[in-house]
Student: 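My questions all concern the structure below.
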Amino acid sequence: MSNEAPIVSNFIRSTIESDLASGKHASIQTRFPPEPNGYLHVGHAKSICLNFGVAQDYQGQCNLRMDDTNPEKENEEFAQAIASDVKWLGYEWAGEIRHAADYFDQLYAYAEELIQAGKAFVCELNAEQMREYRGNFEVPGKNSPFRDRAIEENMDLFRRMKAGEFADGSRTLRLKIDMASPNLNMRDPVIYRIKRAHHIRTGDKWCIYPMYDYTHCISDALEGITHSLCTLEFADHRPLYDWVLDNISIDCHPQQIEFSRLELLYTMTSKRKLAALVNEGLVSGWDDPRMPTVIGMRRRGYTPEGIKLFAQRVGVSKSENVVDLSILEGAVREQLESNCPRIMAVVRPLKVTLTNYEEGVTASRAAPYHPQHPEFGERNVPISREIWVEQDDFAEVPPAGWQRLTVGSEVRLRYSYVMKCDEVIKDAAGNVIELKCSLDMATLGQNPVGRKVKGVIHWLSAEHAVPAEVRLYDRLFTEARPDAVRGADGEYVDFRQFISPESLEVVTAYVEAVARDLAPETHYQFERVGYFVTDRKDHIAGEKIVFNRAVTLKDTWKSAT
C-alpha cells in the first residue's frame with residue numbers, strides 16, 4: 001500500500017511546465033535558502049518539499065544555500081542542523097552547500113557598479129531619521145539630504161566603509177529608486193550597513209554586510225536559479241528583486257513566485273518565539289518532541305514520508321493556508337499504519353492473576369507483526385499466571401455498551417484465550433489493585449461454544465514483559481493560535497500562558513520483550529494505544545527502553561481471535 005498522494009497541479013507547476021514547453025528554460029533550477037539562525041520548522045519542511053520536490057519531478061536541481069547575511073544571529077550549529085534536516089527528509093542538493101557569504105566579493109562589486117551608474121548613494125541618516133524620511137502608506141517619503149552626492153564621493157565613502165573607517169550604524173549604502181513609491185520597499189532601500197560582527201564563514205574580513213533583499217536576488221542569479229519560490233510576505237519585495245537584477249550587469253534573471261505560508265494551528269513557527277521556549281527552559285530543547293521543528297518532529301516519531309504526505313495534502317496556493325494540526329497527525333498516522341510493525345504494550349498496568357493457569361498446559365500463540373505484511377514475520381506471545389492489562393479496560397460500574405472487563409464478564413485476550421473476571425482486589429483506600437480471572441481453555445484460537453464474546457483487549461505476560469519509560473506527548477498549546485490571542489485591553493496575551501500542562505506525561509509501562517534490543521528511532525504500533533518510536537537520544541538498547549508517542553491511534557482497531 002502506498003501513502004504517496006498523487007501530484008496535484010498548481011500555479012507553480014503550471015508556470016514551470018509552460019516555461020519548459022516554450023523553451024524559456026531547458027531545465028529547472030530551484031533553491032532552498034534558510035537563514036542559519038535557528039532550527040528548521042514545519043513551515044520550512046513544506047518549502048523544502050516544494051523546492052526539492054518540483055526540481056525532482058521535472059528532472060532539475062535544487063541548491064541548498066545558507067542566507068548568512070546577519071552574522072550576529074547565526075552559528076554553525078544551526079547551519080549543520082539545517083543540512084541534516086534536509087537530508088533526513090530525503091533530499092539531496094546540487095553540488096556543495098552554498099552560502100550567501102560565498103558571493104560577498106561579487107555583491108560588493110555590483111554595489112560599486114550601482115554607485116558608478118548613479119543608482120546608489122552613501123547615506124548618513126540614522127535609523128530614526130531614516131524612518132521619518134521614509135514616510136508611510138499615507139505619506140510619501142522625502143529624499144535623503146545625502147541622495148545627490150557626487151558619484152566620486154559616494155565611491156570614496158563606500159570604500160572607506162569597507163575599510164572600517166566609520167562606526168557601526170553611522171552610514172549605509174542605499175539605492176536610488178523612488179521615495180514617492182506606494183511600495184515602501186522601493187523607497188531608496190538600504191543595501192549595505194556597517195556591522196562589526198564575526199561571521200561564521202568569513203570571520204572578521206568584512207565590517208559591512210549586504211541586506212537580504214539585495215543579496216537574495218543576486219545570489220539566485222549567480223546560481224542560475226530559474227524559479228525563486230518564496231512565501232507571500234515577499235510579494236511586495238518582488239519589484240525590488242527585479243529592479244536590482246535589471247540594473248546590474250548580470251545575465252540571469254530568475255522569476256520570483258510567491259505562495260502562501262503555512263500556519264499550523266496549536267503551534268507556532270516564529271523562530272524568535274520558539275527560541276524563547278528553548279532559552280527559558282519551557283521545553284527541553286529545539287528537539288523537544290512537542291516543538292514544530294523538523295528535529296523535534298523527527299524525535300517524536302514523525303517520518304519523512306508522513307511529512308511529505310502532509311505537504312502534498314496542504315498543497316500550494318496564494319490563499320490563506322491555515323491548517324489544523326490534526327492534518328499533520330493524520331498524514332503521519334496513515335503512513336505509519338501501513339509501514340509500522342505492531343506489538344502490545346500496557347501503558348497503565350493493572351495486575352491480573354489467572355487462577356486456572358497451568359504450567360505446560362496453558363499455551364501461547366504466535367502473532368504477526370502486521371496483518372497486511374506477512375514479510376514482517378511473527379513473534380511468540382507468551383502467557384503466564386500473572387498478566388498486565390490496561391486499567392482503562394476494567395470498570396466496576398461499566399457504562400452502557402461496555403464491552404471490556406467487569407466482574408462476571410468475559411473478554412478475548414488478544415491472540416489468546418477468552419478470560420472471565422471473577423474477583424476484584426482492592427487496597428485499604430478502595431483502589432482496584434488486582435483482578436482474579438479465569439481462562440476458558442477451549443478458546444485458544446477459536447470462539448467459545450454457545451456464546452459470543454465481543455470485547456478484545458491487549459495484555460502482556462508479567463513474567464516476559466519488560467518495563468519501559470513511555471512519554472505521552474500531546475499538543476504543546478491549549479489555544480489554536482497561541483501567539484494571536486488578545487486580552488480585554490486589545491493587547492496580545494503572552495503565548496506562554498497557553499502552554500498545556502498535559503502536553504507531556506511520562507509513565508512506566510510494559511512492552512513485549514522484543515523492545516529490549518531495538519535500536520533508537522525504531523517505530524512500532526502499540527496495538528489499541530498508538531504509534532511510538534524509541535527515543536533517538538535517551539533509548540539505549542538492552543539498558544534503557546524509552547518510547548515516545550508519535551500520534552494516537554484512531555479507535556478503529558477491530559477485534560480478532
Student: Phe477 versus Ile499: any side-chain heavy-atom pair under 4.5 Å?
Tutor: yes
Student: Would you call the rings of His539 and Phe547 parallel, tilted or perpendicular, where under 30° means parallel and over 60° means perpendicular?
Tutor: tilted
Student: Compare all side-chain heavy atoms of Leu40 with those of Phe32 and state whether any distance is below 4.5 angstrom.
Tutor: yes
Student: Should Asp483 and Arg272 count as an ion pair when the cut-off is N to O under 4.0 Å?
Tutor: no
Student: Using 0.5 Å steps for rounding, measure from the CG atom of Asp68 to the CD atom of Glu35.
Tutor: 8.5 Å
Student: Mind checking what makes side-chain hydrogen bond (donor to acceptor under 3.5 Å, both in side chains) contact with Lys142, not counting sequence neighbours?
Tutor: none
Student: Given side chains that start at C-beta, do those of Ile191 and Val244 come closer than 4.5 Å, heavy atoms only?
Tutor: no
Student: Measure from NZ or CZ of Lys73 to the centre of the six-membered ring of Phe78 and say whether it is under 6.0 Å with the direction within 45° of the ring axis.
Tutor: no
Student: How about NZ on Lys87, more than 12 heavy atoms from neighbouring residues, nucleotides or ligands closer than 6.0 Å, or not?
Tutor: no
Student: Using the side chain to side chain donor-acceptor pair (under 3.5 Å) rule, pick out the option among His216, Glu223, Gln61 that qualifies with Arg31.
Tutor: His216
Student: Please find the pair of heavy atoms, one from Val493 and one from Gly487, that lie closest to each other, and give the distance.
Tutor: CG2-N, 3.5 Å
Student: Look at the aromatic rings of His227 and His25 and report parallel, tilted or perpendicular, splitting at 30° and 60°.
Tutor: perpendicular
Student: With the side chain counted from C-beta on, respond yes when Pro33 and Asp220 share a heavy-atom pair under 4.5 Å apart, and no when they do not.
Tutor: no
Student: Can you confirm whether more than 12 heavy atoms, excluding those of Glu502, are under 6.0 Å from its CD atom?
Tutor: no
Student: Looking at Glu76, I want to see if its CD is surrounded by more than 12 non-hydrogen atoms of other residues, nucleotides or ligands under 6.0 Å.
Tutor: yes
Student: Is Arg475 salt-bridged to Glu329, going by a charged N under 4.0 Å from an acidic O?
Tutor: yes
Student: Out of curiosity, Phe104 CZ to Ile208 CD1, how far, rounded to the nearest 0.5 Å?
Tutor: 10.0 Å
Student: Would you say the side chain of Ser219 lies within less than 4.5 Å of the side chain of Asp102, judging by non-hydrogen atoms?
Tutor: no
Student: Indicate the atoms forming the closest heavy-atom contact of Met155 with Ile115, along with that distance.
Tutor: N-CG2, 3.8 Å
Student: side-chain hydrogen bond (donor to acceptor under 3.5 Å, both in side chains) for Glu17 and Tyr58? Distances and angles first, verdict last.
Tutor: CA-CA 8 Å; Glu17 290 167 5; Tyr58 296 101; 2.6 Å; yes
Student: Atom CG of Leu262 and atom NZ of Lys46: how far apart are they, to the nearest 0.5 Å?
Tutor: 5.5 Å
Student: Which atom pair, heavy atoms only, marks the closest approach of Gln116 to Ile151?
Tutor: O-CD1, 3.4 Å
Student: Under 4.5 Å between any side-chain heavy atoms of Val278 and Tyr39, yes or no?
Tutor: no
Student: Going by heavy atoms in the side chains, are Asp85 and His44 under 4.5 Å from each other?
Tutor: no
Student: Check side-chain hydrogen bond (donor to acceptor under 3.5 Å, both in side chains) between Ser326 and all other residues, then give those that pass, not counting sequence neighbours.
Tutor: Asp324
Student: Taking it one step at a time, do Tyr241 and Phe234 satisfy ring pair (Phe, Tyr, Trp, His ring centres under 6.0 Å)?
Tutor: CA-CA 10 Å; Tyr241 184 104; Phe234 291 101; 9.9 Å; no
Student: Run the side-chain hydrogen bond (donor to acceptor under 3.5 Å, both in side chains) test on Asn548 and Asp535 for me, step by step, so that the C-alpha distance in whole Å, both residues' side-chain angles and the decisive distance to 0.1 Å come before the verdict.
Tutor: CA-CA 6 Å; Asn548 299 330; Asp535 188 79; 2.7 Å; yes
Student: For the residue pair Trp206 and Tyr108, does the interplanar ring angle fall in the parallel (under 30°), tilted (30 to 60°) or perpendicular (over 60°) class?
Tutor: tilted
Student: Can you name the closest pair of heavy atoms from Ile200 and Asn75 and give their distance?
Tutor: CG2-CA, 3.6 Å
Student: Is a side-chain N or O of Thr15 found less than 3.5 angstrom from the main chain of Phe11, in a donor-acceptor match?
Tutor: yes
Student: Give a yes or no on this: more than 12 heavy atoms of other residues, nucleotides or ligands lie within 6.0 Å of atom CD of Glu128.
Tutor: no
Student: Could you give the distance from OG1 (Thr267) to CD (Glu479), rounded to the nearest 0.5 Å?
Tutor: 13.5 Å
Student: Tell me whether Asp242 is salt-bridged to Arg238, with the criterion being a basic N under 4.0 Å from an acidic carboxylate O.
Tutor: no
Student: Against Asp287, only a single residue in Arg300, Arg298, Arg299 fulfils salt bridge (Lys or Arg N to Asp or Glu O under 4.0 Å); can you say which?
Tutor: Arg299
Student: Look at the side chain of Tyr214 and the backbone N and O of Leu175, then say whether any donor-acceptor pair between them is shorter than 3.5 Å.
Tutor: no
Student: Which heavy atom of Met186 sits nearest a heavy atom of Ser181, and at what distance?
Tutor: CB-OG, 3.6 Å
Student: Between Tyr133 and Asp188, does a side-chain hydrogen bond (donor to acceptor under 3.5 Å, both in side chains) hold up when you go through it step by step?
Tutor: CA-CA 10 Å; Tyr133 272 73; Asp188 291 5; over 6 Å; no
Student: Are side-chain N/O atoms of Ser317 and Asn321 paired as donor and acceptor at under 3.5 Å?
Tutor: no
Student: Please determine whether a side-chain nitrogen of the Lys or Arg among Glu112 and Lys162 lies less than 4.0 Å from a carboxylate oxygen of the Asp or Glu.
Tutor: no
Student: Would you kindly say whether Gln335 and Tyr302 are connected by a side-chain donor-acceptor distance under 3.5 Å?
Tutor: no
Student: Taking CG in Asp251 as the centre, count heavy atoms belonging to other residues, nucleotides or ligands within less than 6.0 Å. Is the count above 12?
Tutor: no
Student: Any side-chain heavy atom of Met268 within less than 4.5 Å of one from Leu277?
Tutor: yes
Student: May I ask you to decide whether Asp105 forms a salt bridge with Lys205, counting only side-chain N to carboxylate O separations under 4.0 Å?
Tutor: yes
Student: Can you tell me how far the CG atom of Leu50 sits from the CD1 atom of Ile12, to the nearest 0.5 Å?
Tutor: 4.5 Å
Student: Supply the atom-to-atom distance Ile82 CD1 to Arg65 CZ, rounded to the nearest 0.5 angstrom.
Tutor: 13.0 Å
